[in-house]
Colleague: 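One structure is given below, represented as structure tokens, and several questions about it will come after.
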Amino acid sequence: MTGAPVVLAKYSLGVGDRFAHQGKAQLAACMQAAERGVPVIPVWNKSNREHLIVGSQPSGTRAAADAAVRASGWTRSYYVDADHIKLDTVDRFLESSDFFTIDVAHAIGRPVAQDAAESFLRRHPELESDGAVAAASKYLLAVREAGQIYRHIAASKPPGTFITEVSMDETDSPQTPAELLLILAAIADEGVPIQTIAPKFTGRFNKGVDYVGDVAQFEREFAADLAAIASAIERYRLPANLKLSVHSGSDKFSLYAPMRRALRRAGAGVHLKTAGTTWLEELIGLAEAGPEGLALAKKIYAGAYDHLEELCSPYAAVIDIDPAKLPAPSEVLDWGAEQYAGAVRHDPANPDFNPQVRQLLHVGYKIAACMGATYTDMLRACEESVSRNVTENLFTRHIEPLFLG
Ligand SMILES: [Zn+2]
């Protein structure tokens, strides 16, 4: 290995870019934060699921990130995240990624031998509590699998040359702060130098729309998670920069102020993953760019409307769409640019805002992917409008309230 080990900075932002065309516009938002004195490191994240749906390759994500950085003169670090990989999907990401989100949510609750949980707790008497045996039994196998995947990655990439995240967010029941501490102890036992961890928080993290749940309870839990992380760093000698990764599914606006307060109090950092928020800004940018862009944006809505079930099924756990509240494509055909943009843009104060339409389009990127060059050529033709919306959304709706507010 050459050089110092890669260490993720205090504040970082996962930027999803489904079609790999908005790297520069996304980076512009990070540059605005740096100008305000708060560096926010970009991490381009794209999951295997997204690559399969779009028909893209991890090497394309890397090429787009490198090109954006070169063109913008960005001199700080940046990373390419193999988002939500498992043992059977990690291989094609090995060359182009330097950040790996090891997803072991599916292994939570798989039975582990009774004596395994007991011997784990004998090694960790500090974790003893009423629910400790049950919690150890619930998470030990998932953590072992994380270790297995980590070692698989480390066999082809020297340790210290990539960032490791473990994610457990795509599951039904949230992890308590006490469970988080136990999970981190187990991760340390596995020898995984974890820098970010993504638990499942309380409440609903639906794609593209705001948080649904008890914000005050979230804030208490988030603060307790930060305390669990601080104590895990000390007790288990995990990397000092270990921090929470919040898989926001985009746009959890009501949580940004509570998160910011808790982070300030704890002096902690955070990694915020935004998923499809940029893709929705592409649609808004197209709609506002002129009649041709608007027509294409409407066509995408019509396609998504017609393929509702197919588009929603991979995301069933993270969307709540009431089909009865979706306007028919014939109705949308009569919309002007302002109404289309108003329906999609995440501004709940706008009477045109329609969270049903927004959620459907959030998962509707396959329709654009199927259009191939028709879609990406239009992105290029409407670049000014699209990139303006992409940058402004990331900066004013995400970076500013969470990191600068
Ligand atoms: Zn996630």
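Because only heavy atoms are used, hydrogens play no part in the values below, and waters and symmetry mates are left out as well, while side chains stay in. Just follow the structure's listing: the first ligand is 1, and inside any ligand the first atom is 1.
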Colleague: Does a salt bridge link Glu118 with Arg122, judged by any charged N lying under 4.0 Å from a carboxylate O?
Modeller: no
Colleague: Using a strict 4.0 Å threshold on nitrogen-to-oxygen distance, state whether Glu310 and Lys366 make a salt bridge.
Modeller: yes
Colleague: In terms of side-chain heavy atoms, does Ser56 have a donor or acceptor partner in His51 at a distance below 3.5 Å?
Modeller: yes
Colleague: If I consider every N, O or S atom in Asp169, which one ends up closest to the Zn ion (ligand 1)? I only need its name.
Modeller: OD2
Colleague: Identify whether the distance between the nearest side-chain nitrogen and carboxylate oxygen of Arg62 and Asp66 falls below 4.0 Å.
Modeller: yes
Colleague: Tell me, please, if Asp83 has any N/O/S atom, main chain or side chain, under 2.8 Å from the Zn ion (ligand 1)?
Modeller: no
Colleague: What do you get for the angle at the Zn ion (ligand 1) between ND1 on His247 and NE2 on His84, to the nearest 10 degrees?
Modeller: 100°
